[in-house]
Amino acid sequence: MKIATYNVNSVNARLPVLLRWLDEARPDVVCLQELKAVQENFPEQAINDAGYSAIWHGQKAWNGVAILSRGGNISERRRVLPGDPTDEHSRYIEAEVDGIVIGCLYLPNGNPAPGPKFDYKLSWMDRLITHAAELLSSGMPVVLTGDYNVIPTEQDVYKPENWINDALFRPETREAFQTLLKQGWTDAIRKLHPNDRIYTYYDFFRNAFGRDAGLRIDHFLLNPQLESRLRAAGVDRHVRGWEKTSDHAPVWMELEH
DNA sequence: ATGTCCTGCGTGGCAGGA
């Protein structure tokens, strides 16, 4: 089973790129972030025609998350991260596909930091940590994947000294991510590629992709039941070089059966 | 500070987010 995550940065602006990549990569399940579309503007027909069923949670202008499944059933579990009934951002959707719980998340960027946006990011991470602990106790195989907007270590950024005060790399952000990992989650990409330079995002500015000036901020976190099934993982880096592409590249992992 | 690309608003380019 191949599961992918892709921050599309507008699902409609990216539709040709998304369809081309789906046809090429043929993932079984795909988590999308940054739909930038209201609920009724999700391109459901085109996704269906490509062979996928989908659930999604849209929002005007920003955010928005979706889970696509090829062939198999997709059973929605929730479309809100618990812990703050006043939070209106569409940043989390969770489903069960073939016995696996799939949490698709778009963690707040948090810049500028410090400030209210950074506070929101940290409180969202607290809520994620709480929810992740509940998922761990469920006994089911679980993956939490998406755009974490977290650079976990210096290894995951082309020039760490430029990012010290950025919300994606600040100590509070990295500590919260480590707190999450220590619950018992495995970073699938790092587990299989401990020493490689791997990026999933390149700024649209300053020819970042051409200079390989990237960040690794899209992650797969696996609980122990799923980690034992992990066989391969990687980034479809070339997709970042296509015309009218997103600033993120698709990331994927393959599980045994 | 800069750079680019997206959306909304609403028809011409800004403002805001990333």
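Just so we're on the same page: letters track the sequence lines, and every chain starts at 1.
- Rounded to whole angstrom, the span from the CG atom of A:D218 across to the P atom of B:dA18 amounts to 15 Å.
- When rounded to the nearest whole Å, the span between OH of A:Y201 and C1' of B:dA18 equals 6 Å.
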What string of B, S and - do you get for nucleotides 1-11 of chain B 5' to 3' if you count protein non-hydrogen atoms under 4.0 Å? -BBBSBSSS--

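- Ring orientation note: the planes of A:Y92 and A:H131 are nearly perpendicular, at an angle over 60° on the 30°/60° scale.
- As rounded to the nearest Å, B:dG10 and B:dA15 have P atoms that lie 15 Å from one another.
- Between A:R231 and A:E256, at least one side-chain nitrogen of the basic residue sits less than 4.0 Å from a carboxylate oxygen of the acidic one, meeting the salt-bridge criterion.
- Evaluation of the salt bridge (charged side-chain N to carboxylate O under 4.0 Å, His left out) rule for A:R237 yields A:D212 as partners, not counting sequence neighbours.
- With salt bridges taken as basic N to acidic carboxylate O contacts below 4.0 Å, one links A:K191 and A:E227.
- A:W21 and A:Y6 have perpendicular rings, their planes meeting at more than 60° on a 0 to 90° scale where under 30° would count as parallel.
- Remark: C1' of B:dG17 and CG of A:D247 are 11 Å apart, rounded to the nearest angstrom.
- Across B:dG12 and B:dG17, the matching P atoms stand 26 Å from one another, rounded to whole Å.
- What separates CD of A:E34 from C1' of B:dA18 is a distance of 7 Å, to the nearest Å.
- A straight line from OH of A:Y120 to C1' of B:dG17 spans 14 Å, rounded to a whole angstrom.
- The same atom, C1', is picked in B:dG13 and in B:dA1; the two are 22 Å apart, to the nearest Å.
- Under a cutoff of 6.0 Å and an axis angle of 45°, A:R216 and A:Y201 do not form a cation-pi pair.
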